[in-house]
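Letters A, B, ... are given to chains in the order of the sequence lines, protein chains preceding strands, and every chain is numbered from 1.
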Amino acid sequence: MAVAQQVGTVKKNYLQALNEALREEMARNEDLLLLGEDIGILGGAFGVTEGLQEEFGGHRVYDMPISEAAIVGVAVGAALNGKTVMAEMQFIDFISCGFDQIVNMMATYHYRTAGEVNIPVVVRGPAGGYGGGALYHSQMNEAWFCHSPGLKVVCPSTPYDAKGLMKAALRDGNPVIFYEIKELYRLNSIAEELPEEDYTVPLGKAAIRRSGKDLTFVTYGNNVYHCLEAAEVLFKEHGIDAEVIDIRSLVPLDEETIYTSLGKTNRVVVVNEAPMTCGFAGEIVARITNNAFDLLDAPPLRVTRLDTPVPWAKPLESFVLPGVDKIVAAGLRVARF
Amino acid sequence: MAVAQQVGTVKKNYLQALNEALREEMARNEDLLLLGEDIGILGGAFGVTEGLQEEFGGHRVYDMPISEAAIVGVAVGAALNGKTVMAEMQFIDFISCGFDQIVNMMATYHYRTAGEVNIPVVVRGPAGGYGGGALYHSQMNEAWFCHSPGLKVVCPSTPYDAKGLMKAALRDGNPVIFYEIKELYRLNSIAEELPEEDYTVPLGKAAIRRSGKDLTFVTYGNNVYHCLEAAEVLFKEHGIDAEVIDIRSLVPLDEETIYTSLGKTNRVVVVNEAPMTCGFAGEIVARITNNAFDLLDAPPLRVTRLDTPVPWAKPLESFVLPGVDKIVAAGLRVARF
Amino acid sequence: MPTSSAQTSEKPKSSANGVAKRPSELLTKEQCLELFQHLYLARYFDVRLIKEKKRGRLRGTLYSSHNQEAVIVGSIYGLQPNDWISPIHRDMPMFFLKDARNGLRNPNRMGMTIEEICAQVWCKAGSPGRARDNWSHIGSQSKHIIHSTSMLAGTIPAAAGVALADKINGVNNVVLTFNGEGSTAQGVFHEAINFAAVRKLPVVTVVENNMWAYGTPVELECPTEDVADRAKGYGIPGFVANGQDVFDVYDKVMEAVEWARAGNGPSIVECKTFRAYGHGDHDDDRAAKYRDPKEVAQGRANDPIAVCRKRLIDLGYLTGDAATQYVAENKGAGEVTNEDFPPEVVEYMNEGIEFAMNSPLPEAEEGGMWVFKE
Amino acid sequence: MPTSSAQTSEKPKSSANGVAKRPSELLTKEQCLELFQHLYLARYFDVRLIKEKKRGRLRGTLYSSHNQEAVIVGSIYGLQPNDWISPIHRDMPMFFLKDARNGLRNPNRMGMTIEEICAQVWCKAGSPGRARDNWSHIGSQSKHIIHSTSMLAGTIPAAAGVALADKINGVNNVVLTFNGEGSTAQGVFHEAINFAAVRKLPVVTVVENNMWAYGTPVELECPTEDVADRAKGYGIPGFVANGQDVFDVYDKVMEAVEWARAGNGPSIVECKTFRAYGHGDHDDDRAAKYRDPKEVAQGRANDPIAVCRKRLIDLGYLTGDAATQYVAENKGAGEVTNEDFPPEVVEYMNEGIEFAMNSPLPEAEEGGMWVFKE
Ligand SMILES: Cc1ncc(C[n+]2csc(CCOP(=O)(O)OP(=O)(O)O)c2C)c(N)n1
Ligand SMILES: Cc1ncc(C[n+]2csc(CCOP(=O)(O)OP(=O)(O)O)c2C)c(N)n1
Ligand SMILES: [Mg+2]
Ligand SMILES: [Mg+2]
């Protein structure tokens with residue numbers, strides 16, 4: 001039992017996994033810098049960079065002024081001059097303040113120099129709703145960046161993936177926007193043991209979280225868990241066996257895994273928590289209908305946030321965000337189509 | 001013949017139509033202000049505001065510092081204090097520099113005040129590629145704003161619509177992002193006579209630019225003309241009769257007109273010039289498959305910009321942007337599916 | 001242009017021999033006592049919410065204004081009713097203190113009621129924003145309070161826009177914006193003040209310099225000794241006030257406000273103060289680690305209530321028992337009790353809370369409403 | 001900190017009696033003549049492109065640097081080869097003038113060749129960016145030239161980042177950024193310089209104040225008399241140079257550069273100049289309307305080539321026929337001929353153009369390439 005406890009204590013949550021990834025990469029790559037507000041002395045608003053300034057020094061870990069555009073732009077300049085940079089947005093919502101530097105300066109640098117310049121910068125930050133954060137502490141604004149060529153976009157849902165994708169992102173050589181789901185940061189139920197040895201999770205590879213034969217849920221982030229719950233409900237209450245695909249990486253997207261699943265289920269519901277219009281759920285639906293129309297026995301549905309901001313009061317927040325009930329309902333609709 | 005010439009001279013191009021709209025609204029609503037870089041003394045980089053500072057005074061038409069965030073934010077504040085504001089982005093590409101003020105301050109004001117505050121602000125600017133403007137003078141970045149709840153998004157393709165939609169937008173009471181197609185500004189071939197009397201074109205109403213029975217092109221902006229050309233090619237060379245829908249307004253979207261057309265043609269190609277991933281073309285495809293799946297006899301295809309920036313050199317620009325050839329090819333694909 | 005008082009803040013102009021008096025010297029005894037009362041109101045609001053939060057009755061983050069009340073109270077006391085303010089996260093009491101001189105219970109005053117604010121804090125439908133956005137993000141168009149987003153410094157452009165509209169209309173209001181010292185590093189701070197300076201708009205930016213921006217000390221946010229020095233880049237006045245002294249804050253802000261109202265344009269008023277607790281209540285424990293306890297003790301040493309009390313005693317406005325009747329100062333939220341406050345202060349807050357408790361939650365369907373004006 | 005020379009720019013430090021000489025006083029005759037040559041190179045590049053554009057051989061907008069050459073030439077002449085620059089739209093000649101002291105034809109110098117630049121201008125595959133972005137948006141990582149986007153002031157953060165990386169690596173390079181006076185109103189101007197000041201990074205921001213930002217006069221962009229006064233908001237030096245005098249530009253920039261290289265941090269150098277033509281070539285006709293002809297005549301009166309010539313004559317470096325051999329100054333692009341320039345200047349440009357003409361267009365498929373590093 002002592003051993004069991006011992007094992008129990010080495011389980012790492014999502015936040016710890018990220019912190020480990022950064023620590024290991026900082027040790028591995030002495031040209032890696034960390035930039036962000038309150039990431040040094042404080043160790044980050046959530047503690048993702050806890051202990052890193054102490055360990056690696058103030059010349060590697062910078063407490064930046066409240067200047068998101070400068071954070072991104074300085075990261076780009078440092079990258080131009082040989083550094084790899086992690087640039088933290090204290091909440092991903094504030095990325096809008098550095099927007100131009102991201103989409104016009106950073107994303108395009110490789111393209112406009114015909115490949116001369118690489119920009120190994122990971123812009124990361126806590127994201128997502130369900131926590132009562134209201135309009136400016138709940139956003140999933142990944143679609144803006146999926147729509148801005150030159151950026152990779154990633155969103156892990158497990159500690160293992162958080163660590164592995166962070167390492168892969170920091171080694172990728174391209175700018176990556178990295179969405180961390182803050183509601184998962186300290187969620188004990190998903191804590192897990194992580195490999196002792198160095199590992200990465202490749203960008204552009206989806207994970208099947210549940211196998212099923214009747215319909216496919218395609219999702220990422222917070223909604224992986226909602227879809228898994230919905231799949232249980234569908235199975236127990238309706239005998240419908242749903243597959244759940246966690247895409248993990250939006251750009252590049254592992255379409256193969258989606259089409260393979262559809263080859264089996266012929267029915268799909270795409271779930272994410274961004275506003276519906278021009279969101280990534282719609283993109284997946286469009287790709288499926290463009291490229292795998294013949295596999296569809298039912299309309300590919302979306303369950304997303306309504307086209308509203310995320311309101312504060314709980315009943316309102318639940319009303320606008322996807323939840324298990326809405327996902328079950330959509331599952332039933334496509335299954336019974 | 002003198003009369004014919006007379007008539008000829010009252011044809012207005014797209015730019016003149018916009019200028020007229022602004023002039024008439026300035027006269028009609030003394031609380032309307034114009035803000036932008038070089039819009040007063042110079043009359044605007046393209047001349048959309050030509051003569052308006054002279055006519056209405058420096059207290060109505062402001063030459064702003066090169067500060068897009070301030071332009072938008074000042075517009076919001078003025079709106080909060082009773083004004084209606086047109087805020088010009090010298091090129092719509094520079095809207096990224098005022099991004100936060102648009103999506104977080106302006107778009108949400110009505111929502112977060114439970115309807116207390118209205119923000120009648122039209123952010124407008126020259127947009128679109130095909131003119132050799134390269135990465136930062138060619139953008140169609142409307143999807144960012146379609147994905148940001150609280151904004152209406154409009155894109156006229158004719159002088160009549162430019163004037164009518166501008167007037168409607170300025171009277172709408174909501175923030176509107178208004179995409180002007182700069183390649184159309186002085187295009188003589190689309191100049192047209194405009195009604196003497198005051199008129200508006202309602203936001204959220206599509207126009208059918210060509211009737212057809214075999215397939216539907218759904219598009220807007222520059223690509224309305226490419227689709228019309230493609231339709232001619234399809235008809236003359238392949239006997240395929242395409243309908244062309246110009247949606248004109250993206251948010252709100254006139255889905256009815258699209259579904260009605262699909263009820264007839266059962267085949268659709270959506271064309272726009274933004275990057276494909278998470279663009280508005282994908283949104284239309286997703287809505288069609290979500291809501292009108294049964295009407296589809298072929299996969300709804302997209303012809304869009306590649307997921308790249310817009311490069312400068314002409315061969316490259318043509319390679320990445322949609323053109324008549326690509327549209328014809330897609331039309332053939334769905335027609336022959 | 002008045003000299004930047006960065007150098008002269010400790011050198012009040014003499015009031016003898018017909019030389020101009022400082023604005024605070026013109027305040028009546030009643031007004032001085034009212035200022036004192038406002039400090040109690042602000043402090044009580046804060047400590048009460050800390051307690052309510054600890055009892056688990058509140059959601060969201062509480063950004064305590066403890067020890068910064070002189071800035072909140074002193075900067076808005078001299079405003080005209082129709083002047084505009086744009087409070088930021090640490091300024092909650094400002095919502096009900098605006099135009100409080102016209103009577104906290106006067107339905108026509110240009111400020112919000114404690115009921116509205118408590119309903120907002122309790123996330124209830126009685127909030128003017130119907131609990132759609134959180135805590136300090138309320139406001140009121142009709143009461144001339146600009147709503148903030150979370151994006152720091154993000155309302156200064158709107159403040160300039162409000163001022164522009166007033167100027168066009170020939171209305172002589174002043175707009176006060178509030179920002180932490182860290183927030184002055186934002187790009188829109190520059191864009192908005194630059195524009196206001198070019199157009200000589202009556203926008204006064206009060207910088208609450210509490211030495212820390214979350215976990216980052218001021219010297220990593222701002223390269224100059226005084227944050228007010230940022231004003232020099234715009235050729236506008238920069239004032240430095242002792243943020244613990246409600247009268248000094250009042251003086252400096254009034255100087256800036258009169259400068260603005262006279263058509264001379266914007267200015268910056270830095271109020272030097274100190275954040276008593278963590279950045280937000282979630283940060284209290286960590287803040288105890290990243291800040292030197294000595295620095296904290298020192299920073300809290302001049303409690304604005306104590307400073308004001310001393311002044312009132314010196315002026316002879318507080319005497320005998322009254323001088324020490326309600327000692328709210330130099331006590332943490334956990335130590336101070338209702339008895340340390342005038343009963344009408346506690347009563348006012350109780351009324352607000354009662355309203356909030358009885359106010360229903362907004363209906364779920366409201367989540368889908370008011371995206372657009374119909 | 002050196003005093004802001006806003007006040008003292010016209011008062012050179014005395015060089016007699018062991019008092020420090022101005023940097024330009026230390027230049028040799030050969031160097032002075034080289035500066036003169038660089039002015040010709042810059043001017044000829046511009047007038048030649050204006051002619052080529054008029055002949056319809058060029059696409060895109062030409063932002064003439066006519067009359068602003070002293071800023072371009074004087075500000076980079078004193079740089080070390082490894083120093084970084086970030087030119088902006090009106091600075092095209094800077095690409096080939098960087099490190100020109102090491103020989104325009106030296107393959108190892110830290111500057112670009114005229115061939116690369118002409119290929120860029122002619123939109124050909126021989127451009128270092130393979131004509132993917134237009135005109136001034138090229139650059140070179142290996143030559144330490146930062147690529148700009150169109151978004152004004154948008155490269156100053158990157159300049160700070162470059163400087164930060166050098167500082168971490170113990171490399172003592174300086175980074176020069178260039179911006180028009182109008183661009184100083186942008187938010188990132190503030191954010192980047194604020195950060196550079198906080199961290200004392202060696203970033204020198206040269207402001208080319210040509211009095212107009214497109215159709216907007218400087219007083220609507222900037223509230224202070226000198227744009228260099230923006231420096232005061234960051235507690236950093238602000239220098240004002242006579243932008244028509246290549247030696248004065250050299251002096252002020254060198255002062256800023258040495259200040260930076262010594263570890264003292266950033267500064268701003270305003271160079272007062274005047275835009276000769278329209279904002280871009282498309283604007284020439286309109287500019288003639290929105291600008292007072294007197295103002296224009298006055299602004300162009302001090303042609304930097306003439307100013308430099310006079311100085312060289314005074315110094316005895318230009319004598320006899322040589323003093324008036326190539327009179328390129330005070331002539332519009334339409335008036336000036338090849339004979340007004342030293343033949344090697346014309347030759348250099350001809351070589352660039354020939355290369356460009358022979359360089360192929362990029363292949364269409366390249367449009368889809370290099371979105372990501374593989
Ligand atoms: C644009 C933006 N970036 C980051 C944040 C996160 N944030 C919230 S408060 C804060 C510190 C603010 O410090 P300061 O301006 O000094 O105000 P204080 O909290 O000390 O009153 C930060 C970084 C934010 N709200 N907005
Ligand atoms: C962010 C941004 N806004 C607007 C523009 C459009 N624009 C291009 S040049 C220019 C004027 C620049 O003036 P200034 O900075 O003084 O430089 P100058 O052209 O006079 O050298 C403007 C407004 C732009 N390129 N970027
Ligand atoms: Mg602070
Ligand atoms: Mg200029």
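When heavy atoms are compared at a cutoff of 4.5 Å, Glu365(C) approaches chain A by way of both its backbone and its side chain. Contacts of Leu220(C) with chain A are made by both backbone and side-chain atoms, with heavy-atom separations under 4.5 Å. Proximity to chain A (any heavy atom under 4.5 Å) is shown, for Trp370(C), by neither the backbone nor the side chain. With a 4.5 angstrom heavy-atom cutoff, Asp93(A) touches chain C via backbone and side-chain atoms both. The contact between Ala45(A) and chain C is made by backbone and side chain atoms together, counting heavy-atom distances below 4.5 Å. In this structure, the portions of Glu68(A) lying under 4.5 Å from any heavy atom of chain C include both its backbone and its side chain. For a residue to count as touching a neighbouring chain, one of its non-hydrogen atoms must lie under 4.5 Å from one of that chain's; by this rule Arg286(C) touches chain A with the side chain only. At a 4.5 Å heavy-atom cutoff, the contact between His137(C) and chain A is made by side-chain atoms alone. With a 4.5 Å cut-off on non-hydrogen atoms, Ser318(A) does not touch chain C at all.
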_As a quick check of understanding, evaluate side chain to side chain contact (heavy atoms under 4.5 Å, CB included) for Trp312(A) and Arg59(C), giving each step before the final call._
CA-CA 10 Å; Trp312(A) 185 37; Arg59(C) 293 168 65 222; 4.2 Å; yes
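Of all the heavy atoms in Pro311(A) and Gly367(C), the pair that sits closest is CG-CA, 4.4 Å.
The closest side-chain heavy-atom distance from Leu306(A) to Val371(C) is not below 4.5 Å.
Other residues, nucleotides and ligands place no more than 12 heavy atoms under 6.0 Å from the CZ atom of Arg333(A).
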